[in-house]
Amino acid sequence: MTSFILVAGATGDLGQRIVRELLTHDTRVRVLTRPGSDTAAALYAADPRIDIVTAAYTDPAALKLAVAGVDCVVSVVSGVRPVIVDAQRALLAAAVAAGVPRFVPSDYSSDYRRIAVGSNRNFELRREFAADVDAAPIAATSILNGAFADMLTGTAPMISFTRRKVMYWSSADQILDFTTKDDVARTTALVALDEQAPRVVEIAGDRVSARDVARTMTELTGTPFTLQWAGTTGTLSAMSSIVRRLSKNPQEVFPAWQGMQYFVSMFSGQAQLHHIDNARYGEHDWTSVRDVLAAHLAAPADTSPASAS
Ligand SMILES: NC(=O)c1ccc[n+]([C@@H]2O[C@H](COP(=O)([O-])OP(=O)(O)OC[C@H]3O[C@@H](n4cnc5c(N)ncnc54)[C@H](OP(=O)(O)O)[C@@H]3O)[C@@H](O)[C@H]2O)c1
């Protein structure tokens with residue numbers, strides 16, 4: 001039977017990948033977008049299996065109408081409190097009011113459930129919303145995937161490609177979970193179609209330490225990459241608090257201090273995944289950290305400011 005899945009935030013990076021994956025199955029997709037943007041129309045209007053609905057997250061009646069009749073609401077919205085808590089609460093309430101059977105919150109992260117209070121803003125917003133999800137009369141599945149592996153060659157400054165260093169905090173042997181966006185999107189689509197999906201699905205395309213990353217870079221480039229101790233997770237956490245106090249825009253989703261908090265969560269082991277079930281949806285080729293780094297090294301040099309240093 002054809003499944004009917006609503007994707008909120010389908011115009012974003014991960015959202016587009018999830019829609020693409022859903023369409024490889026027997027599905028109809030409804031895309032929920034906010035008023036005032038043509039992006040959804042530009043991306044999806046030509047596909048007869050996709051319909052686009054526009055609703056503001058502040059309009060409960062329009063949201064309820066938007067989600068009515070679907071089998072699962074997949075949230076891929078991105079932001080801080082006004083989005084992860086407030087907009088998602090509205091979306092969850094609409095799904096419950098419309099009798100939607102299943103909900104996937106916009107988690108796609110490391111395991112935020114046991115991190116220390118005050119240690120990671122974005123993870124704690126997810127934990128706060130998860131309490132609402134747990135209390136709501138709807139089946140829900142969070143996807144926990146560690147960090148996006150794609151970020152190792154971009155926005156996560158763990159590897160210095162020019163200085164041939166791999167940074168670490170506290171321990172070079174702490175296991176870090178990484179999954180590519182495409183592997184997360186494939187799993188999310190499978191979860192959306194899975195009526196028996198559990199409350200949490202943990203996946204990791206790869207699990208490596210900083211020491212493994214340095215070894216891999218050395219092997220791939222033929223030149224030594226050395227480990228660089230950058231302090232303890234405690235000092236990084238303190239630095240992050242100072243930088244946060246100086247920051248001018250509290251709505252920024254990924255400011256530098258938030259990046260530091262991600263490394264604190266990862267290198268302290270607090271956000272490590274412990275129940276990875278990559279086999280839940282059968283055999284798949286998971287992209288390894290080595291694959292990501294090799295592809296980056298093989299690609300023509302990116303000279304844009306956002307490229308890795
Ligand atoms: N684990 C990791 O390493 C990692 C890394 C990056 C991101 N993520 C997570 O992955 C998820 C998707 O991220 P992404 O990078 O794909 O996001 P994105 O490209 O920024 O897009 C997210 C979508 O959210 C919607 N949105 C934006 N502002 C909103 C608002 N104020 N209210 C409601 N909706 C809003 C937009 O859709 P419309 O304009 O169509 O409404 C937008 O296209 C998020 O949970 C993010 O935190 C995880």
Side-chain angles (χ1 to χ4, degrees), residues 6-21 29-45 50 52-59 62-63 66 73-92 94 104-112 115 120-127 129-130 133 142-158 176-185 187-188 202-206 250-255 258-259 261-263 265-266 271-273 289 292 306:
L6 180 134
V7 183
T11 55
D13 184 359
L14 183 61
Q16 290 185 50
R17 294 169 200 256
I18 292 171
V19 171
R20 207 157 51 225
E21 285 290 338
V29 175
R30 176 172 290 165
V31 160
L32 169 64
T33 191
R34 292 165 300 158
S37 160
D38 313 332
T39 312
L43 287 169
Y44 301 122
I50 302 179
I52 301 166
V53 288
T54 302
Y57 289 87
T58 47
D59 184 344
L63 273 185
V73 166
V74 176
S75 171
V76 205
V77 294
S78 179
V80 287
R81 175 168 293 280
V83 184
I84 295 300
V85 178
D86 301 339
Q88 287 205 111
R89 271 186 184 149
L91 187 62
L92 178 68
V104 176
S106 191
D107 285 340
Y108 317 109
S109 62
S110 303
D111 191 345
Y112 53 77
I115 60 159
N120 189 316
R121 176 198 58 179
N122 287 3
F123 285 174
E124 287 173 87
L125 291 172
R126 281 163 169 70
R127 183 158 66 186
F129 180 59
V133 172
S142 286
I143 293 148
L144 301 183
N145 47 252
F148 288 170
D150 321 62
M151 293 196 313
L152 272 172
T153 59
T155 49
M158 185 178 155
L176 312 169
D177 304 298
F178 289 101
T179 312
T180 61
K181 296 174 193 175
D182 284 335
D183 284 343
V184 173
T187 306
T188 307
E202 294 185 28
I203 53 168
D206 208 349
Q251 296 308 320
E252 210 183 328
V253 186
F254 301 116
Q258 175 64 71
Q261 290 193 333
Y262 283 137
F263 279 138
S265 297
M266 291 170 72
Q272 194 179 330
L273 302 176
V289 163
V292 171

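For the numbers below, each heavy atom of this structure counts, side chains included, while hydrogens, waters and symmetry mates do not. As the structure lists them, so they are numbered: ligands from 1, and atoms in each ligand from 1.
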Next on the checklist: Please state which option from Thr179, Ile143, Thr33, Ile52 has its nearest heavy atom closest to atom 40 (O) of ligand 1.
Outcome noted: Thr33
Next on the checklist: Show the nearest heavy-atom pair for residues Leu63 and Ala56, with the distance to one decimal.
Outcome noted: CG-O, 3.7 Å
Checklist outcome for this item: atom 5 (C) of ligand 1: closest protein heavy atom, distance to 0.1 Å, is Phe148 CD1, 3.2 Å
Item to check | Identity and separation of the nearest protein heavy atom to atom 42 (C) of ligand 1 | outcome: Thr11 OG1, 3.7 Å
Item to check | Closest protein heavy atom to atom 26 (N) of ligand 1, given as residue, atom name and distance to 0.1 Å | outcome: Arg34 NH2, 3.4 Å
Checklist entry - Judging by distance only, is a nitrogen or oxygen of Leu14 under 3.5 angstrom from one on ligand 1? => result yes
Checklist entry - Applying a strict 4.0 Å limit to heavy atoms, is Asn145 in contact with ligand 1? => result yes
Checklist entry - Between Glu202 and Asn145, do the side chains contain an N or O donor and an N or O acceptor separated by less than 3.5 Å? => result no
Checklist entry - Nearest to atom 11 (C) of ligand 1 by heavy atom, Ser106, Ala56, Ser109: which? => result Ser106
Checklist entry - Does an N or O anywhere in Gly12 fall below 3.5 Å from an N or O of ligand 1? => result yes
Checklist entry - Ignoring hydrogens and geometry, is there a side-chain-to-backbone donor-acceptor pair from Tyr44 to Ala10 under 3.5 Å? => result yes
Please list every donor-acceptor pair under 3.5 Å in which a side-chain atom of residues 31-42 meets a protein atom from a residue at least two apart or in another chain.
residue : atom : partner : partner atom : Å
Ser37   : OG   : Thr39   : N            : 3.1
Ser37   : OG   : Thr39   : OG1          : 3.0

Next on the checklist: Testing the basics here: between Val53 and Ala66, what is the closest heavy-atom pair and its distance to 0.1 Å?
Outcome noted: CG2-CB, 3.8 Å
Checklist entry - So, is Ser37 polar-close to ligand 1, with some N/O to N/O distance under 3.5 Å? => result no
Next on the checklist: Any atom of ligand 1 sitting under 4.0 Å from a heavy atom of Ala147?
Outcome noted: yes
Next on the checklist: Run the side chain to side chain contact (heavy atoms under 4.5 Å, CB included) test on Gln272 and Asp177 for me, step by step, so that the C-alpha distance in whole Å, both residues' side-chain angles and the decisive distance to 0.1 Å come before the verdict.
Outcome noted: CA-CA 7 Å; Gln272 194 179 330; Asp177 304 298; 3.8 Å; yes
Item to check | Heavy-atom pair with the smallest gap, counting every atom of Tyr108 and Phe148 | outcome: O-CE2, 4.0 Å
Checklist entry - Does the N or O separation between Gly146 and ligand 1 drop below 3.5 Å for any pair? => result yes
Checklist entry - Do any nitrogen or oxygen atoms of Tyr57 come within less than 3.5 Å of a nitrogen or oxygen of ligand 1? => result no
Checklist entry - Strictly by modelled atom types, are Asp107 and Tyr112 linked by a side-chain donor-acceptor pair under 3.5 Å? => result yes
Checklist entry - Hey, which atoms in ligand 1 end up nearer than 4.0 Å to a heavy atom of Val77? => result 24 (O), 34 (N), 44 (C), 45 (O)
Checklist outcome for this item: Residues Ala204 and Thr179: closest non-hydrogen pair is CA-OG1, 3.2 Å
Next on the checklist: Heavy-atom contact check, 4.0 Å cutoff: does Arg126 meet ligand 1?
Outcome noted: yes
Checklist entry - How does Ser78 reach ligand 1, if at all, at less than 4.0 Å between non-hydrogen atoms: by side chain, backbone, both, or neither? => result both
Item to check | Closest protein heavy atom (residue, atom, distance) for atom 1 (N) of ligand 1 | outcome: Tyr108 O, 2.8 Å
Next on the checklist: If I apply the N/O under 3.5 Å rule, does Val83 come out as touching ligand 1?
Outcome noted: no
